[in-house]
Amino acid sequence: MDKPSRLRPASWLVAAGRPTAPGEPLNTPLVPASNFILGQERAYARDGGTPTWEALEALVGGLEDGKAVAFASGMAAVAAVFDQLPVGALVVLPDDCYQGVVGLALAGAEKKRWSVRRLALEDTEGWVRACGEADLIWLESPSNPLLTVVDLAAIGQAPRKPGAILAVDNTFATPLNQQPLAFGATVSIQSATKFIGGHSDLLGGVATTRDEALWQALRKSRELSGATPGTLEAFLAVRGARTLALRLQKAQENAQTLALRLEQHPRVARVRYPGLPSHPTHATARRVLKGFGSIISFELHGGAAEADAVCRRVRLIRHATSLGGVESTMERRAAIPGQEHLPPSLLRLSVGIEDVEDLWADLEAALQ
Ligand SMILES: *Cc1c(COP(=O)(O)O)cnc(C)c1O
């Protein structure tokens, strides 16, 4: 099954990576193997891959319309992209960015491997200019946790320094809501831990590109760093991704409803959700995203203590970090070390696929 262009994404999610020959299992087999009988190209899993990893790569690669490399985690995929940089490179990073990526970039800067410049995500002109100067332009959209949506249509077309990489962390959008490569990005990153897996039971990552040389280099980086996906994790990621289209549709319907209701709630000071007309980058979101996603950030009147109390009082919504699972989770982001710059009462809610009335009842009770 290698003709994603004929199938729409929801069908591809179901069909991708399955065996096709008579007598083979209908489902993607879980193949725990470090090595293979010699005589064909595939000899050892760390460099040659396994059929189970390849099923995940086929699935995500088909959605992003590129060639994918699966990794042990989202951060392993991120690190493989940074691994491509020459010494002394310039990295431009968003002001609002996944903290692991910021940590990796700053650690490398401290070791003088590259230098880092930060830029506000809304500053489209700044990013267009950065494309002509930087070796790695790192974008995240919608961003974590402020949910700023980047004008990829403009930035993806900006002239770049030769050899420069435009990388987009597409974890929050998923390849269903945004296809960075179609906008001109060099590589698109997914933390498969989140929406692709969708059940909060695995760590995984995928980098996808249309650049054959970069694809080879990312595979080489995986081989040499050893950041290979777990077999069970790759199997679970494919299994979870079968329902991604349904899960995302339901979760973002729920999120839109909850965002509108939260905005009317007297204890809520501000709601950030790309689907709300009040969101600063709503107009951009309407242009570049196919859906607004299922993450909402909202602030309370009052401070950290009030927000912590809400986290303690929710029942159906679980007080937990991470996002993109079938279950709704919530946390106060400024409570996390390194995130103290965020508004103290900012709660990030990852909306799941529960009945929205039960979610609202839970939120309302917790906000009382
Ligand atoms: C979780 C996450 C990552 C890192 O992925 P891991 O699988 O946890 O390593 C990167 N970017 C974003 C936006 C994320 O949410």
Side-chain angles (χ1 to χ4, degrees), residues 53 56-57 60 64 68-83 91 93-107 121 136-150 152 167-178 180 185 187-208 218 221-222 225-230 232-234 236-238 240-241 244 248 251 255 272 274 289 293-297 320-325 329-331 333 336-339 342 346 348-352:
W53 307 356
L56 175 59
E57 290 169 342
V60 176
E64 298 263 24
V69 186
F71 289 89
S73 65
M75 279 309 300
V78 171
V81 174
F82 274 79
D83 192 33
V91 178
L93 215 59
D95 52 353
D96 188 38
C97 186
Y98 183 73
Q99 57 173 345
V101 177
V102 176
L104 178 79
L106 295 183
L121 275 170
L136 175 60
I137 304 103
W138 191 273
L139 292 170
E140 183 179 315
S141 180
S143 68
N144 179 19
L146 300 180
L147 303 167
T148 304
V149 178
V150 168
L152 267 188
V168 178
D169 187 334
N170 203 29
T171 299
F172 273 39
T174 84
L176 296 185
N177 280 343
Q178 178 170 260
V187 60
S188 175
I189 305 287
Q190 280 291 321
S191 167
T193 310
K194 315 293 167 54
F195 292 94
I196 300 280
H199 294 74
S200 309
D201 55 6
L202 64 93
L203 290 170
V206 184
T208 310
L218 292 170
S221 176
R222 179 179 72 180
S225 69
T228 51
L232 178 61
E233 284 77 359
L236 287 172
V238 170
L244 174 62
L248 186 65
R272 297 172 205 253
L289 296 179
S294 62
I295 315 295
I296 300 170
S297 289
T321 193
S322 198
L323 53 108
T329 57
M330 187 166 82
E331 68 177 333
R333 288 302 292 178
I336 292 160
Q339 300 286 290
L342 292 168
L346 185 134
R348 191 189 66 192
L349 172 62
S350 173
V351 181

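Since we're looking at a predicted model, the values are computed, not measured. Indexing begins at 1, ligand by ligand and atom by atom, following the structure's order. Residue numbers start at 1 and run along the sequence shown.
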> Can you list the residues that meet the ring-ring contact (aromatic ring centres under 6.0 Å, His included) rule with Y98, with sequence neighbours excluded?
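Partners of Y98 by the ring-ring contact (aromatic ring centres under 6.0 Å, His included) criterion come out as none, since no residue qualifies.
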> Residues in side chain to side chain donor-acceptor pair (under 3.5 Å) with E233, at least two apart?
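So E233 forms no side chain to side chain donor-acceptor pair (under 3.5 Å) with any residue.
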> For D83, check side chain to side chain donor-acceptor pair (under 3.5 Å) against everything at least two apart and list the hits.
S221
> Run through ligand 1 for me and note each protein residue having a heavy atom under 4.0 Å from it, chain first, then residue number.
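Its neighbours under 4.0 Å (heavy atoms only) are S73, G74, M75, Y98, E140, D169, T171, F172, S191, T193, K194, G204, given by chain and number.
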> Kindly indicate, with the supporting measurements, whether the criterion side chain to side chain contact (heavy atoms under 4.5 Å, CB included) is fulfilled by I196 and T174.
CA-CA 8 Å; I196 300 280; T174 84; 5.6 Å; no
> What are the two closest non-hydrogen atoms of G100 and M75, and how far apart are they?
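It is O-CE, 3.3 Å.
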> For V351, run the side-chain contact (heavy atoms from CB on, under 4.5 Å) check against I296, L323, T329 and tell me which one passes.
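Exactly one candidate clears the test, I296.
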